[in-house]
Amino acid sequence: MSIRISVTSKLDGIRSWSLQAIETCPASLESAGVLVDACKGCYATTGNYNYPNVKAPRAENKIDWQRLDWCDDMVAQLDSDRYFRWLDSGDLYSLALAEKVLEIMQRTPWCNHWLPTRMHKFPKFRMVFDAMRSLPNVSIRFSSDSVNGEFIEGLHGSVIGADAATYSPIKGSKLCQAYENGGKCSGCRACWDKSIDLICYPAHGRKMLKVIRINAI
Ligand code: SF4
């Protein structure tokens with residue numbers, strides 16, 4: 001086993017470490033078998049994410065992180081990275097995994113880490129997330145379950161809305177403008193910026209727009 005890194009076209013070549021969506025996302029359920037709205041339209045369950053060459057590394061990572069020397073190997077992997085995205089798919093489903101990710105963040109102060117998650121719903125993760133948040137090189141963003149721009153101030157660090165017009169200016173927030181730049185970050189690094197409390201994402205993808213339409217009926 002070895003570490004499998006992914007690169008998504010959106011993020012200007014910034015690298016990620018990811019897991020398979022849904023099966024590592026216990027916080028994606030609002031009740032047995034029912035996904036929260038934001039996860040019903042998840043981009044990581046459609047399109048390219050269904051290809052075997054995309055699924056296989058995510059499945060391998062789920063086993064690989066349990067190795068004793070995984071943290072050492074990840075720290076070495078990040079030697080030249082100045083920005084890193086955790087989990088462009090999947091979530092920190094295990095407290096032991098979260099503790100290892102914290103160790104990697106602590107041992108790579110030269111690298112800015114962005115970690116979006118819904119695992120804040122489980123109180124046992126609170127201490128490890130507090131420790132991540134205290135690091136100057138870590139932006140941890142608790143995702144709102146809404147697709148209509150609803151969020152809890154002081155808790156959520158990102159939210160989805162139907163389109164850019166959904167968001168009247170919200171203090172301390174940043175509207176993601178990747179949609180104006182061919183779907184790419186194009187130099188924006190707001191998601192890594194700890195001084196920005198909330199990132200507002202206009203919905204993207206047909207599946208997400210369908211969820212929003214169904215909600216509106
Ligand atoms: S807010 Fe900026 S960094 Fe975050 S996804 Fe959008 S363009 Fe990229």
Side-chain angles (χ1 to χ4, degrees), residues 5-19 21 25 28 37-39 41-49 54 58 78 80-92 101 105 108 110-120 129 132-133 135-209 211-212:
I5 295 291
S6 45
V7 180
T8 51
S9 58
K10 180 181 186 183
L11 296 182
D12 299 341
I14 290 169
R15 306 191 314 150
S16 305
W17 184 89
S18 294
L19 295 166
C25 303
S28 66
D37 284 344
C39 297
C42 176
Y43 62 87
T45 58
T46 55
N48 292 347
Y49 283 84
V54 177
R58 286 162 171 75
L78 296 182
S80 301
D81 294 76
R82 293 299 171 263
Y83 290 89
F84 193 74
R85 156 88 189 256
W86 288 95
L87 301 164
D88 78 63
S89 62
D91 206 344
L92 278 186
V101 170
M105 291 167 165
T108 55
W110 60 85
C111 179
N112 294 292
H113 298 260
W114 162 30
L115 192 157
T117 183
R118 295 180 200 283
M119 296 303 292
H120 58 282
F129 287 156
M132 287 179 182
R133 201 183 290 283
L135 297 173
N137 60 324
V138 175
S139 167
I140 177 164
R141 296 194 177 275
F142 297 163
S143 308
S144 162
D145 290 338
S146 170
V147 292
N148 300 313
E150 291 157 12
F151 67 97
I152 298 171
E153 197 174 344
L155 174 67
H156 294 130
S158 66
V159 62
I160 298 168
D163 52 40
T166 309
Y167 305 105
S168 52
I170 300 168
K171 195 166 163 274
S173 75
K174 158 84 181 157
L175 175 66
C176 174
Q177 288 169 306
Y179 62 97
E180 291 177 7
N181 296 308
K184 297 192 190 307
C185 294
S186 303
C188 174
R189 298 290 179 264
C191 289
W192 285 266
D193 186 340
K194 289 168 74 78
S195 71
I196 299 174
D197 296 333
L198 183 76
I199 306 287
C200 305
Y201 300 105
H204 59 88
R206 270 183 294 176
K207 200 170 168 191
M208 185 63 79
L209 292 172
V211 174
I212 290 170

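Owing to the predicted nature of the structure, the values given are computational and were not obtained by experimental measurement. Both ligands and their constituent atoms are indexed starting at 1 by order of listing.
With a 4.5 Å cut-off on side-chain heavy atoms, Asp145 and Arg118 count as touching.
Regarding atom 7 (S) of ligand 1, its nearest protein heavy-atom neighbour is Cys185 CA, 3.6 Å. Nearest protein heavy-atom neighbour of atom 6 (Fe) of ligand 1: Cys176 SG, 2.3 Å. Protein heavy atom nearest atom 3 (S) of ligand 1, with residue, atom name and distance: Cys188 O, 3.3 Å.
Close approach to Cys191 involves these atoms of ligand 1, each under 4.0 Å from a residue heavy atom: 1 (S), 3 (S), 4 (Fe), 5 (S).
Taken to the nearest 0.5 Å, the NZ atom of Lys194 stands 9.5 Å off from the CD1 atom of Ile140.
The nearest pair of heavy atoms linking Gly157 to Arg141 is O-NH1, 3.1 Å.
Both the sub-6.0 Å distance and the 45° axial angle are not jointly satisfied by Arg15 relative to the ring of Tyr83.
For Lys10, the closest heavy-atom approach to ligand 1 falls below 4.0 Å.
In this structure, Lys171 does not pair ionically with Asp197, as no charged nitrogen and carboxylate oxygen lie closer than 4.0 Å.
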